[in-house]
*Asks:* 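Before I ask anything, let me first share the structure, which is written out below as structure tokens.
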Protein chains: 2
Amino acid sequence: MVTITEIAQALGITPSTVSRALSGSPRVKASTKEAVLRKAAELGYERNVMASNLRKGRSDIVGIVVPRINREFFSSVISGAESVLNEAGLSVLICQTHERYEDEVRALRTLKNNRVSGVIMSHSIGSKDGTHILEILGDEMPLVQFDRVFSYLRGAKIVNDNFEGAYKATCHLVEEGYRHIGTLAGYLNSAAYALRLKGFRRALADAGLEPAAEYMDSIVPETGRAAALDALRSGCDALYSAGDFSALGAIRALQEAGSRIPEDFGIVGTANESFTALMSPSLSSLALNPRELGRQSAQAFLDGAADGEIIVPMELVIRQSSNHKQAICQK
Amino acid sequence: MVTITEIAQALGITPSTVSRALSGSPRVKASTKEAVLRKAAELGYERNVMASNLRKGRSDIVGIVVPRINREFFSSVISGAESVLNEAGLSVLICQTHERYEDEVRALRTLKNNRVSGVIMSHSIGSKDGTHILEILGDEMPLVQFDRVFSYLRGAKIVNDNFEGAYKATCHLVEEGYRHIGTLAGYLNSAAYALRLKGFRRALADAGLEPAAEYMDSIVPETGRAAALDALRSGCDALYSAGDFSALGAIRALQEAGSRIPEDFGIVGTANESFTALMSPSLSSLALNPRELGRQSAQAFLDGAADGEIIVPMELVIRQSSNHKQAICQK
DNA sequence: GACAAAGATACAAACGTTTGCACAAATTTC
DNA sequence: GAAATTTGTGCAAACGTTTGTATCTTTGTC
């Protein structure tokens with residue numbers, strides 16, 4: 001492995017100058033800089049990152065901590081963050097917590113030990129509060145939280161605009177002509193779901209309507225089925241679901257009950273999971289935009305991870321399951 | 001940040017002994033070792049990984065290079081590998097190539113510069129051959145390839161048993177009573193798809209049957225639709241698809257053409273994408289087992305990444321789309 | 001009790017880079 | 001034209017760990 005010392009010897013100058021030349025310091029003459037660059041290329045020099053890190057006291061690595069990487073949402077966030085960070089010459093060290101507090105602690109310690117230049121994370125379900133995070137990271141390490149955030153911690157927080165998103169989704173159902181609209185609201189102990197419910201209610205209130213039904217169960221297909229059948233009995237003609245999986249269950253149940261979608265019943269889900277486009281009828285969904293969440297998180301880190309919340313808009317993807325007007329017209 | 005030197009001073013010994021004590025060298029007395037450990041805990045010492053890496057000439061980081069992280073297959077591989085590597089005290093540095101040759105080169109350089117202790121990768125579509133990989137990594141760096149492998153490179157290769165898997169899937173269709181079986185074979189310039197076609201043919205040959213049709217298009221829903229309609233016209237009653245998306249398209253087309261699945265027509269896909277379980281009818285699929293691929297890749301690295309191929313079995317997940325016998329019986 | 005062998009620790013030199021400070025040369029200022 | 005400023009480079013000390021070799025201490029052996 002060729003070092004800056006060898007380059008220096010080859011050119012009859014000192015390692016310091018070579019170092020400065022390579023890092024583009026204004027303190028070295030243009031001609032020397034050029035000579036160094038040429039020599040470096042000639043010898044196939046590559047900076048020893050470990051030595052550099054040691055001297056500088058930090059690495060060019062950003063740690064990302066997520067519950068699981070093999071979830072489309074998280075992997076897309078990572079993908080987005082990685083793109084931005086790579087562009088800035090930084091690499092990404094990934095840790096999974098498997099939703100466990102212990103693994104989260106271990107991951108943060110690993111990152112701290114590797115002297116990463118910052119941490120971007122979404123905490124695990126197992127972490128009931130966030131005190132351990134600052135305990136491990138200390139006061140210096142830049143911290144960016146996304147999606148699942150402890151709002152009382154220092155640093156930047158990047159979240160979807162769940163209120164506005166749910167508001168838009170619900171308005172869409174109203175505009176399509178549905179009038180008895182209910183919701184599958186999901187776990188209300190999560191801030192995201194609570195905001196979606198608020199957005200739903202506000203949209204109806206602004207339209208002069210009452211919520212036709214509110215189901216606070218978890219958002220899996222089974223609860224979707226049960227809620228949809230109940231909603232049908234109580235005269236609902238549309239549902240906004242805070243998750244796609246519960247919306248899927250709802251559609252199946254409604255179809256089996258002989259209800260036509262979107263003619264008789266409209267549904268909008270949330271998350272824009274890949275299967276939503278593949279179903280029949282395809283499912284309208286409020287997209288979470290995870291890549292953008294990742295990009296913004298990375299950018300927030302690059303900008304210094306200052307305290308504050310950045311809100312990323314959600315996009316409503318309209319598909320067959322809520323396309324009431326057009327379905328009616330075609331008949 | 002507390003260093004081994006401070007621990008040494010506090011105990012009146014030298015940094016060397018502290019270092020050895022912390023790394024569990026047999027050359028230090030049990031009592032000293034214990035004293036060091038206690039003092040280290042007391043002062044909250046944490047090893048400076050960068051200094052350690054510099055001295056040792058390598059890091060405790062393994063690089064993983066994949067085309068895209070936000071694909072279920074790759075993220076699951078990473079997840080599996082990460083689990084095993086973490087267990088062994090190693091961290092994971094992730095790079096995406098976005099299927100581009102240039103990004104792959106850049107990623108490998110980054111890893112090389114970070115002096116990772118090994119590379120686990122699946123090459124991008126843009127890499128027509130693998131010479132650049134060894135050019136960058138040199139002769140020393142342990143290399144493990146998975147799924148998309150250049151077989152002529154040194155190091156370990158972990159691949160699915162595509163032949164055996166397709167064989168099993170096709171046999172399953174035969175056992176269910178279908179007799180005019182075709183295939184959506186996919187891109188044959190990829191080794192995986194070529195092997196699946198071979199497995200398909202062998203299974204039919206062993207059952208004394210002829211392939212009823214073979215479609216060599218890419219495996220997207222659209223080609224699946226077209227192929228399925230053609231297959232129906234030419235008297236097929238089943239298809240093995242080398243991808244789930246083409247199988248999805250096929251099912252939709254067949255349903256629209258009035259064919260009942262699985263009563264009139266059976267289908268098995270490949271990859272076990274998450275949507276396969278959510279469809280109606282649900283799609284039988286040959287699972288790729290990416291987590292296991294990841295685990296095996298990590299293990300192969302830990303074992304020294306010796307030359308050779310490790311073949312991971314695929315699992316056939318039987319769902320409604322091929323459940324001919326039971327569907328018939330129920331009537 | 002002397003001497004060898006082993007056991008435990010100390011010494012010191014790396015690893016390759018960065019960076020504050022010093023210094024020399026070139027340029028500007030009055 | 002001397003002093004002041006700028007510009008470019010060299011010197012040397014870090015950064016904190018690891019590890020080969022040397023040294024000291026203990027134990028064992030005859």
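Here the structure is a predicted model, which is why all the values come from computation and not from measurement. Labels below follow one simple rule: chain letters A, B, ... track the order of the sequence lines, proteins then strands, and each chain is numbered from 1.
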*Asks:* Side chains of A/L137 and A/V119: closer than 4.5 Å at any heavy-atom pair?
*Replies:*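 Of all side-chain heavy-atom pairs linking A/V119 with A/L137, at least one is under 4.5 Å.
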*Asks:* Given the structure, check if the side chain of B/S16 and the base of C/dC11 hold any donor-acceptor pair shorter than 3.5 Å.
*Replies:*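 A donor-acceptor contact between them is present.
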*Asks:* Which whole-number value in Å describes the distance from B/R58 CZ to C/dA14 C1'?
*Replies:*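 Atom-to-atom, B/R58 to C/dA14, this comes out as 16 Å.
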*Asks:* Tell me whether the OP1 or OP2 atom of C/dT18 has a side-chain N or O from A/S23 closer than 4.0 Å.
*Replies:*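 Looking at the OP1 and OP2 atoms of C/dT18, neither is under 4.0 Å from any side-chain N or O of A/S23.
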*Asks:* Measure from CG on B/N113 to P on C/dG16 and round the result to the nearest Å.
*Replies:*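 Computing the B/N113:CG to C/dG16:P distance gives 14 Å.
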*Asks:* Strictly below 4.0 Å: does A/S19 bring a side-chain N or O up to OP1 or OP2 of C/dT18?
*Replies:*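 Affirmative; the distance criterion is met.
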*Asks:* Please state how far atom CD in B/Q9 lies from atom P in C/dA10, giving the value in whole angstrom units.
*Replies:*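 Atom-to-atom, B/Q9 to C/dA10, this comes out as 13 Å.
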*Asks:* Go nucleotide by nucleotide along DNA chain C from the 5' end; which of B/G12 and A/L22 gets its closest nucleotide reached first?
*Replies:*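 Going by which nucleotide is closer to the 5' end, it is B/G12.
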*Asks:* Can you check whether B/T17 has a side-chain N or O nearer than 4.0 Å to OP1 or OP2 of C/dA10?
*Replies:*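 Answer is yes, contact under 4.0 Å.
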*Asks:* For C/dG16, does either OP1 or OP2 sit under 4.0 Å from a side-chain N or O belonging to A/T3?
*Replies:*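 False: A/T3 side-chain N/O out of range (4.0 Å or more) of C/dG16 OP1/OP2.
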*Asks:* Please give me the minimum heavy-atom distance between B/E140 and B/R154, naming the atom from each residue.
*Replies:*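 That would be N-NH2, 4.1 Å.
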*Asks:* Check whether A/K33 reaches the backbone of A/S25 with its side chain - one donor and one acceptor, N or O, closer than 3.5 Å.
*Replies:*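 A pair under 3.5 Å: yes.
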*Asks:* For A/S76, check side chain to side chain contact (heavy atoms under 4.5 Å, CB included) against everything at least two apart and list the hits.
*Replies:*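 For A/S76 the side chain to side chain contact (heavy atoms under 4.5 Å, CB included) partners, ignoring immediate neighbours, are A/E72, A/P290, A/R291, B/N70.
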*Asks:* For B/A8 versus B/P15, what's the shortest heavy-atom pair and its separation?
*Replies:*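 Where B/A8 meets B/P15 most closely, the heavy atoms are CB-N, 3.5 Å.
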*Asks:* Please confirm whether any donor atom in the side chain of B/R27 sits under 3.5 Å from an acceptor in the base of D/dG20, or the reverse.
*Replies:*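 No, no donor-acceptor pair under 3.5 Å.
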*Asks:* Once you measure the plane-to-plane angle for B/H123 and B/F150, does it fall in the parallel (<30°), tilted (30-60°) or perpendicular (>60°) bin?
*Replies:*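 Taking B/F150 first and then B/H123, their aromatic rings lie parallel (interplane angle under 30°).
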*Asks:* Could you tell me the separation between the CG atom of B/N114 and the P atom of C/dG16, rounded to a whole number of Å?
*Replies:*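 It is 16 Å, rounded to the nearest whole Å.
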*Asks:* Whole angstrom is fine here: how far is it from NZ in B/K29 over to C1' in C/dA10?
*Replies:*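 About 14 Å, once rounded to whole Å.
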*Asks:* What residues form a side chain to side chain contact (heavy atoms under 4.5 Å, CB included) with B/T14, not counting sequence neighbours?
*Replies:*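 Testing B/T14 for side chain to side chain contact (heavy atoms under 4.5 Å, CB included), a comparison that skips the adjacent residues, returns B/S16, B/T17.
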*Asks:* Counting only non-hydrogen atoms, which of residues 33-56 of chain B are less than 4.0 Å from DNA chain C?
*Replies:*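 B/L54, B/R55, in order of number.
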*Asks:* Could you give the CD1-to-P distance, from B/I13 to D/dT18, as a whole number of Å?
*Replies:*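 In whole Å, D/dT18 P lies 14 Å from B/I13 CD1.
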